[in-house]
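In what follows, a structure is listed as structure tokens, so that the remarks can point back to it.
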2 protein chains.
Amino acid sequence: MTNDDSNVMETSGNRAGWKQDPEGVRSNILAIALEEFSRNGLSGARMDEIAARTRTSKRMIYYYFQDKEGLYRRVLEEAYRKVRRGEEALELDHSAPQDALRQLVEFTFDHHSRNPDFIRLVMIENIHHGEYLRQSEVIRNLNAAAIARVQIIYDKGVSDGVFRPGLTSLRIHWLISALSFFNVSNQKSFSLLFGEDLFSESGQTTLRTQASETVLRYVCKDLS
Amino acid sequence: MTNDDSNVMETSGNRAGWKQDPEGVRSNILAIALEEFSRNGLSGARMDEIAARTRTSKRMIYYYFQDKEGLYRRVLEEAYRKVRRGEEALELDHSAPQDALRQLVEFTFDHHSRNPDFIRLVMIENIHHGEYLRQSEVIRNLNAAAIARVQIIYDKGVSDGVFRPGLTSLRIHWLISALSFFNVSNQKSFSLLFGEDLFSESGQTTLRTQASETVLRYVCKDLS
DNA sequence: AATTTAATGTACTAGATAGTTAAATACGTC
DNA sequence: GACGTATTTAACTATCTAGTACATTAAATT
């Protein structure tokens with residue numbers, strides 16, 4: 001009879017007073033998982049490691065996200081959402097087309113540079129042949145905006161007579177992405193093979209200018 | 001007495017007549033390992049799977065390459081060597097600078113496109129922060145040639161008065177690499193988000209032209 | 001021919017890792 | 001305030017995986 005109480009006490013330990021906080025727990029898991037997947041890749045990341053760094057336990061990860069791939073998918077979605085939200089900060093519509101385009105390129109360049117975790121996730125996703133990106137309708141709907149932004153600037157530039165006609169916003173967007181993405185994605189290999197000059201603070205400033213110059217020279221009718 | 005013979009026979013199986021072929025075995029292992037690492041990444045690749053696809057056994061992989069990382073390092077080195085050998089095929093020194101540069105860009109664009117396994121290895125290596133690239137002195141010595149090739153063309157163009165001065169061969173090489181690399185590395189994510197148009201056969205032809213145009217417009221004094 | 005060395009095959013193991021089982025605790029609702 | 005559901009904990013397991021021990025055969029050397 002009297003033993004029951006003591007048994008319960010013995011195993012209770014620090015479980016005495018915990019508060020429920022589903023949303024907090026979920027977002028805490030996602031934040032840590034983003035770091036781990038981004039650092040180590042899908043197969044490289046360890047569920048035990050993620051769990052340990054979390055304020056909760058491994059069981060909760062499976063409770064909320066089913067399995068490792070489910071967690072990865074949610075991390076990917078969340079990363080895209082966050083980055084796209086960040087892009088909405090840019091406001092440039094009433095500038096001259098050349099200025100607007102320059103601003104767009106330099107903003108994108110900086111934005112990628114500030115979000116290396118996101119870049120790494122996209123790299124990882126490409127390693128996996130876009131398998132998980134393909135499964136997410138959410139993400140696919142977030143990206144029309146990027147093309148539309150270029151389209152507006154380009155159309156204005158053409159009708160102003162400063163941009164050459166015959167280009168497409170898709171290809172201009174591809175060019176901007178290529179320069180901004182590569183700058184982050186291949187920073188390690190490039191600096192190991194060719195030196196660190198381009199990736200110092202001043203090197204990056206110059207490279208950003210080079211990027212916008214490159215795009216402008218590609219799009220403009222005459223060189224300014 | 002008489003049992004000894006039969007015992008030996010029973011376990012001998014297909015091991016009767018095998019020939020030694022160290023170099024063949026080594027290169028067979030490397031070729032399969034390249035495919036597996038390139039497809040699945042360092043932590044994603046499975047030693048058992050590599051061994052199974054090999055004409056030899058797992059034991060031999062460890063015999064020749066010590067451990068998984070040792071194998072990966074050799075695969076990386078071999079891939080760089082092979083790709084750099086492929087680049088030596090290009091011969092263009094006595095063309096006009098604009099033509100030479102255009103040829104160089106389009107050659108690089110195609111060369112990357114033909115070697116997706118190599119591109120994937122470089123992506124994977126960047127995910128690993130260039131950890132293994134850093135360890136290989138072999139590779140670091142292979143890359144001066146790429147810059148030198150650009151330098152020759154650029155110097156000629158400047159002294160001919162067709163290229164603008166003040167640029168560096170390093171930055172021009174960075175630009176060429178960015179366009180050629182991104183085209184392969186981000187093909188999956190880009191086509192999933194923005195459609196497959198750029199990656200059809202005709203789309204790629206146009207994109208290659210866009211790449212060389214981009215570089216030329218960046219480098220040339222006046223637009224042709 | 002005997003002996004040594006290099007190359008290969010087979011079977012195994014220790015540890016890592018994704019995922020589970022079973023039970024306890026908080027919270028909303030009647 | 002009793003009851004059912006959502007949330008959380010801790011300990012456990014089956015499997016996967018890198019790496020090894022040990023035996024064996026081909027070639028080189030003497």
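All chains are named by letter (A, B, ...) in the order of the sequence lines, taking the proteins before the strands, and each is independently numbered beginning at 1.
Counting non-hydrogen atoms of neighbouring residues, nucleotides and ligands closer than 6.0 angstrom, the NZ atom of B:K68 exceeds 12 such neighbours.
Here D:dT15 presents its C1' atom at 13 Å from CG of B:D48, a figure rounded to the nearest Å. In this structure, B:N40 atom CG and D:dA18 atom P are separated by 11 Å, rounded to whole Å. Atom C1' of nucleotide D:dG19 and atom CD of B:Q66 are separated by 12 Å, given to the nearest angstrom. At whole-Å resolution of the value, CG in B:L71 and P in D:dT17 are 16 Å apart. Regarding A:E36, its CD atom lies at a distance of 14 Å from the C1' atom of C:dT17, rounded to whole Å. For the pair B:E23 CD and D:dA26 P, the computed distance is 20 Å after rounding to whole Å. Per the geometry, CE belonging to B:M47 stands 20 Å off P belonging to C:dA14, to the nearest Å. Per the geometry, CG belonging to A:L42 stands 14 Å off P belonging to C:dT17, to the nearest Å.
Of the inter-residue distances, the one linking A:N40 atom CG with B:H128 atom NE2 reads 8.5 Å to the nearest 0.5 angstrom.
The shortest heavy-atom contact between A:R81 and A:V138 is NH1-CG1, 3.3 Å.
A heavy atom closer than 4.0 Å to some atom of DNA chain C occurs in A:K58, A:R59, A:Y62, these being the qualifying members of residues 52-65 of chain A.
Between A:H173 and the choices A:I147, A:T108, A:T168, the side chain to side chain contact (heavy atoms under 4.5 Å, CB included) rule is met once, by A:I147.
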